[in-house]
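The structure under discussion appears below in the form of structure tokens.
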Amino acid sequence: MHMLYNSDSFAVVHILANAQEMAGAAEGDAQRPVMPRHGFEIVDKRSGKEVYLDGSWAELFQQQIEAWQQNTPTQEEVEDTLESYASLAQTPVVVH
């Protein structure tokens with residue numbers, strides 16, 4: 001788990017669900033191929049809700065992060081993008 005972003009309004013965490021399995025596959029320990037699984041948790045601190053992105057949503061968000069690495073955005077640009085994802089949030093944050 002890696003904290004990618006933290007502000008007064010949002011927190012973004014990158015979760016590598018099977019990182020240990022992937023490491024074993026890279027070392028040749030795995031009997032079967034292991035597909036990488038990862039996701040992103042976006043917490044909207046203002047509403048107290050979170051959304052977990054995986055699958056194609058996670059890939060889309062990963063592309064956004066890579067674009068940010070190429071062209072450093074302003075905090076306002078980052079927060080506007082996070083706001084669009086946070087609009088999907090339905091799960092209340094219980095413990096964080």
Side-chain angles (χ1 to χ4, degrees):
M1 189 180 317
H2 303 284
M3 176 71 72
L4 299 179
Y5 184 78
N6 192 19
S7 72
D8 290 341
S9 301
F10 295 100
V12 179
V13 177
H14 185 202
I15 300 170
L16 301 167
N18 63 347
Q20 290 180 337
E21 291 176 35
M22 291 302 298
E27 295 171 8
D29 293 339
Q31 297 285 328
R32 58 184 166 71
V34 179
M35 294 189 64
R37 292 203 32 101
H38 71 98
F40 298 91
E41 180 181 45
I42 301 173
V43 175
D44 183 345
K45 295 178 181 179
R46 302 161 304 171
S47 70
K49 294 185 178 178
E50 62 93 15
V51 62
Y52 182 76
L53 306 175
D54 67 349
S56 59
W57 282 100
E59 295 303 322
L60 183 64
F61 191 70
Q62 179 71 43
Q63 290 173 3
Q64 181 64 59
I65 290 171
E66 290 168 3
W68 286 340
Q69 290 172 341
Q70 297 297 315
N71 303 307
T72 307
T74 65
Q75 183 173 356
E76 184 177 336
E77 291 171 326
V78 170
E79 301 242 340
D80 286 347
T81 300
L82 294 176
E83 176 72 39
S84 68
Y85 284 101
S87 66
L88 302 170
Q90 299 296 315
T91 307
V93 176
V94 179
V95 178
H96 271 277

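Atom CG of Asp44 is separated from atom CD of Glu79 by 9.5 Å, given to the nearest 0.5 angstrom. Note that CD of Gln70 and CD1 of Ile65 are 13.0 Å apart. Values are rounded to the nearest 0.5 Å. For the atom pair Gln69 CD and Gln64 CD, the distance stands at 11.0 Å (nearest 0.5 Å). A distance of 5.0 Å separates OH in Tyr52 from CD1 in Ile15, rounded to the nearest 0.5 Å. Note that NE2 of His14 is 10.5 Å distant from CG of Leu53, once rounded to the nearest 0.5 Å. Here the CZ-NE2 distance, from Phe61 to His38, works out to 11.0 Å after rounding to the nearest 0.5 Å.
Heavy atoms only, all atoms of each residue included: Ala58 and Gly39 are closest at CB-CA, 4.2 Å.
A donor-acceptor pair under 3.5 Å is formed between the side chain of Lys45 and the backbone N or O of Ser7.
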Taking distance alone, no hydrogens or angles, what donor-acceptor pairs closer than 3.5 Å link side-chain atoms of residues 80-91 to residues at least two apart or in another chain?
| from | atom 1 | to | atom 2 | distance (Å) |
| --- | --- | --- | --- | --- |
| Thr81 | OG1 | Glu77 | O | 3.1 |
| Glu83 | OE1 | Arg46 | NH1 | 3.1 |
| Glu83 | OE1 | Arg46 | NH2 | 2.5 |
| Ser84 | OG | Thr81 | O | 2.5 |
| Ser87 | OG | Ser84 | O | 2.6 |

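Under a cut-off of 6.0 angstrom, the local environment of CE in Met3 is crowded, with over 12 non-hydrogen atoms contributed by other residues, nucleotides or ligands. Residue Trp57 qualifies as open at atom CH2: its count of foreign heavy atoms under 6.0 Å is 12 or below. Summarising the local packing, CD of Glu76 is surrounded by 12 or fewer heavy atoms from other residues, nucleotides or ligands at distances under 6.0 Å.
Hydrophobic clustering of Ile, Leu, Val, Met, Phe, Trp and Tyr side chains at less than 4.5 Å, counting indirect connections, unites Trp68 with Phe40. Note on Val51 and Val12: same hydrophobic cluster, where clusters join Ile, Leu, Val, Met, Phe, Trp and Tyr whose side-chain heavy atoms are under 4.5 Å apart, directly or indirectly. Note on Val78: it clusters hydrophobically with Ile42, by side-chain heavy-atom contacts below 4.5 Å among ILVMFWY residues. Linking ILVMFWY residues whenever their side-chain heavy atoms come closer than 4.5 Å, directly or via other members, places Leu60 and Phe10 in the same cluster.
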